[in-house]
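A short write-up of the structure that comes next.
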Amino acid sequence: MGTRPLILRVAMLFGVIMASLLGTTSAQSTGTCANRTTTKSLEVVLRQGETVEVAPGVLALFGSDVGQSGAVGPYIAERANIALDTYGCTASAVPDSFQGGVLVVTRGECEFITKARVAQAAGAKALIIVSTGEEFTTMTCNTDEEVSIIVAMVAGRSGEAIWESTASSEKTTIMIDATAAVPSSFDFVASTALVGMALLTIVLGGVWSLKDKRYAGISKGSSSQGGIGDDSSTHEGVEINEYSALYFVIMASVVLLVLFYSMQHWIFVAMRLIFAFASFQGLQVIIFEGFASVRGASNSRENHVLLPVLGAVHHLSIPAGIVAGLIVSTWLIFQTAAWSWVLQNIMGLSFLVNILRLVHLPNLKVATFLLGGAMLYDIFWVYVQPHLFGKKSVMVAVARGGDEGESLPMLFLFPRLSHSGEFSMLGFGDVILPGLLIVHNLLFDNRKRDFGEINYYYFFWSLLAYAVGMSLTFTALYFEVGGQGGQPALTYLVPTVVGTSMLLGWKHGNLGEMWNGHDGYDVLPSETQSML
């Protein structure tokens, strides 16, 4: 009992922090060198012989404008020197054959303004930055230096096609023109799929948590009446208290700042490895439970084998670990592949379900503190902090990988049907934090329940409130409320989920018990007797 609860508490709290770190993305800020305040949409037309490639793009907030006098170009396009600098951060990136047309570089390694200065010094008419990510990024700057060339970004598969085309020795030209609107961040099918994944995660976490709670209560009841209870299959959870809710906001802010000021490639590699390890644990447990259900295996000693280092483990844990390891290894190796989002979603779901199973809220009071603090955390780091210091949102910069263009894997992805090669995203924080309260409501529903009677009243309405909150989020995204390319979902989810829980508790006279908490799961006599 000594150090294990403390270690588990710290590990689970860290897991919640990492899952919740980037629940909000996509706000914009401008620097002193910017001469525009809103992002402008572009159409980049590439011609190579008889081949024509049309790619959507966005114009930087600095540099020359496009569209006032019609399309610009065509200009001869050449990509950066692959052998020396594909990012366009130094003069060595400019190939010797460059004749002052369009320089095509990849995103990362340095700031957008640095790339623009290099291209301008080389006599370029325009700079095209190819982002390997799926999202368009608002390109701004924080210097007083003016840039007179066109600076644009293309992303996703269209951007990769332009990068590959400029590698050919055949003459390639690019023409740039303005279009009516920035490519929409909203896709109905993708958004609906993301909500479905979030609800599935919460439901699985809730059902599993209730199962563990019932088993623990029954085992306690059995042993109290002289029975021999084998509690080796129960899972020791972590209960968040008022102090943990405060620590969450402080630690999440500290981790966010550390990531922001040390945004190097190895940081993103380390975060991916942490995500992979946590997901492996979640996958292994879920797969083990599936195997055990199919085989009907008990947790008795004869089903355990002794392994070096690990000690005694259930024999089904071995194949479960192998399958989980294969999934995680495949994602690590092929995480840039077009289909890797499927594995990332599976791993993310397992990771979050495991947290929802092991981390519990004691009452509605702590839930209100935690979710209210998380909502204020989102609002501060997205909207308030850029006006106080730094001129750009720390959270948005980390979520987008800064100028490195690398992304953290703590989000669900689903491809957009409206824009091939692009994805809609939902941060894990927008699932795990409201999910903790929704799972708590399920446990509260069944605090005094028999095996044959499972109540889902508060659980059902909390899930519905979550769906309403996500609908409000996507509505705000569709209408571009606030002017950024994304929305802080907790701003809509916290009032709907917490508000619904309070309203229903007050209506049914349970608000006091919900607010102050229940002593625990009460084992009914029929439950105890059924185990004897």
Side-chain angles (χ1 to χ4, degrees), residues 16 19-20 23-24 186 188 191-210 240 245 248 349 352-353 355-357 359-379 412 424 426-447 454-479 481 486-515 517-518:
V16 173
S20 309
T24 303
F186 179 81
F188 178 79
S191 299
T192 303
L194 290 176
V195 174
M197 281 188 279
L199 291 174
L200 176 62
T201 301
I202 296 172
V203 168
L204 290 176
V207 172
W208 208 344
S209 185
L210 179 61
I240 296 177
F248 164 80
L349 184 145
L352 295 183
V353 166
I355 290 181
L356 289 172
R357 181 189 188 188
V359 180
H360 300 139
L361 294 169
N363 50 51
L364 185 57
K365 178 173 66 176
V366 173
T368 303
F369 289 162
L370 177 65
L371 271 71
M375 183 178 70
L376 294 176
Y377 163 86
D378 267 6
I379 292 173
F412 286 119
S424 290
L426 179 63
F428 287 169
D430 299 330
V431 180
I432 190 67
L433 291 172
L436 288 172
L437 175 56
I438 297 173
V439 170
H440 168 75
N441 286 345
L442 177 62
L443 298 179
F444 184 83
D445 271 326
N446 296 277
R447 62 198 183 281
I454 299 179
N455 194 6
Y456 298 105
Y457 180 76
Y458 288 106
F459 183 63
F460 170 79
W461 287 106
S462 299
L463 286 173
L464 185 60
Y466 181 87
V468 171
M470 288 304 305
S471 298
L472 292 174
T473 303
F474 289 125
T475 300
L477 183 66
Y478 179 79
F479 289 105
V481 175
Q487 291 295 323
L490 289 179
T491 304
Y492 307 93
L493 290 172
V494 172
T496 54
V497 177
V498 175
T500 298
S501 301
M502 288 184 173
L503 180 62
L504 293 177
W506 171 78
K507 179 181 177 181
H508 294 281
N510 295 326
L511 183 57
E513 187 179 8
M514 292 178 70
W515 183 258
H518 190 262

Worksheet item: Side chains of Val431 and Phe412: closer than 4.5 Å at any heavy-atom pair?
Response: yes
Worksheet item: Ser501 and side chain to side chain donor-acceptor pair (under 3.5 Å): which partner among Asn510, Asn441, Thr496?
Response: Asn441
Worksheet entry | Nearest heavy-atom neighbours spanning Val439 and Gly205 | CG2-C, 4.1 Å
Worksheet item: Leu442 versus Tyr458: any side-chain heavy-atom pair under 4.5 Å?
Response: no
Worksheet item: Any side-chain heavy atom of Glu513 sitting closer than 4.5 Å to one from Arg447?
Response: yes
Item to complete: Working to the nearest 0.5 Å, report the span between OG1 of Thr368 and CG of Leu361.
Response: 9.5 Å
Worksheet, complete the sentence: Interatomic distance, CD1@Ile355 vs OG@Ser209, rounded to 0.5 Å, equals 13.0 Å
Worksheet item: Where do Gly372 and Val494 come nearest, in terms of heavy atoms and distance?
Response: N-CG1, 4.4 Å
Item to complete: Side-chain contact test, heavy atoms from C-beta onward, threshold under 4.5 Å: evaluate it for Leu443 versus His360 and give yes or no.
Response: yes
Fill in: Heavy-atom side-chain contact between Leu437 and Leu364 under 4.5 Å
yes
Item to complete: Measure the CG-CG distance between Leu210 and Asn446 for me, rounded to the nearest 0.5 Å.
Response: 5.0 Å
Practice prompt. Look at atom CH2 of Trp515 and say whether more than 12 heavy atoms of other residues, nucleotides or ligands are closer to it than 6.0 Å.
Written response: yes
Worksheet item: Are a donor atom and an acceptor atom from the side chains of Thr491 and Asp378 found within less than 3.5 Å of each other?
Response: no
Worksheet entry | Derivation and outcome, side-chain contact (heavy atoms from CB on, under 4.5 Å), residues Leu463 and Phe460 | CA-CA 5 Å; Leu463 286 173; Phe460 170 79; 5.8 Å; no
Item to complete: Applying side-chain contact (heavy atoms from CB on, under 4.5 Å) between Val353 and each of Val207, Val203, Thr201, Ile432, report the one that passes.
Response: Thr201
Discussion item. What I'd like to find out is whether the side chain of Leu464 reaches to under 4.5 Å of the side chain of Trp461, using heavy atoms alone.
Written reply: yes
Worksheet entry | Any side-chain heavy-atom pair of Asn363 and Phe444 under 4.5 Å | no
Worksheet item: Which distance, rounded to the nearest 0.5 Å, do you find between the OG1 of Thr473 and the CE of Met470?
Response: 5.0 Å
Practice prompt. Please round to the nearest 0.5 Å and tell me the distance separating atom OH of Tyr492 and atom CG of Leu490.
Written response: 11.5 Å
Worksheet item: To the nearest 0.5 Å, how far apart are CG in Leu371 and CG in Leu436?
Response: 7.5 Å
Response to the item:
Taking every heavy atom of Ala374 against every heavy atom of Leu433, the minimum-distance pair comes out as CB-CD1, 3.5 Å
Worksheet item: Which heavy-atom pair separates Tyr466 from Leu199 by the least distance, and what is that distance?
Response: CD2-CD2, 3.7 Å
Practice prompt. Could you label the plane-to-plane angle of the Tyr456 and Phe459 rings as parallel, tilted or perpendicular, counting under 30° as parallel and over 60° as perpendicular?
Written response: tilted
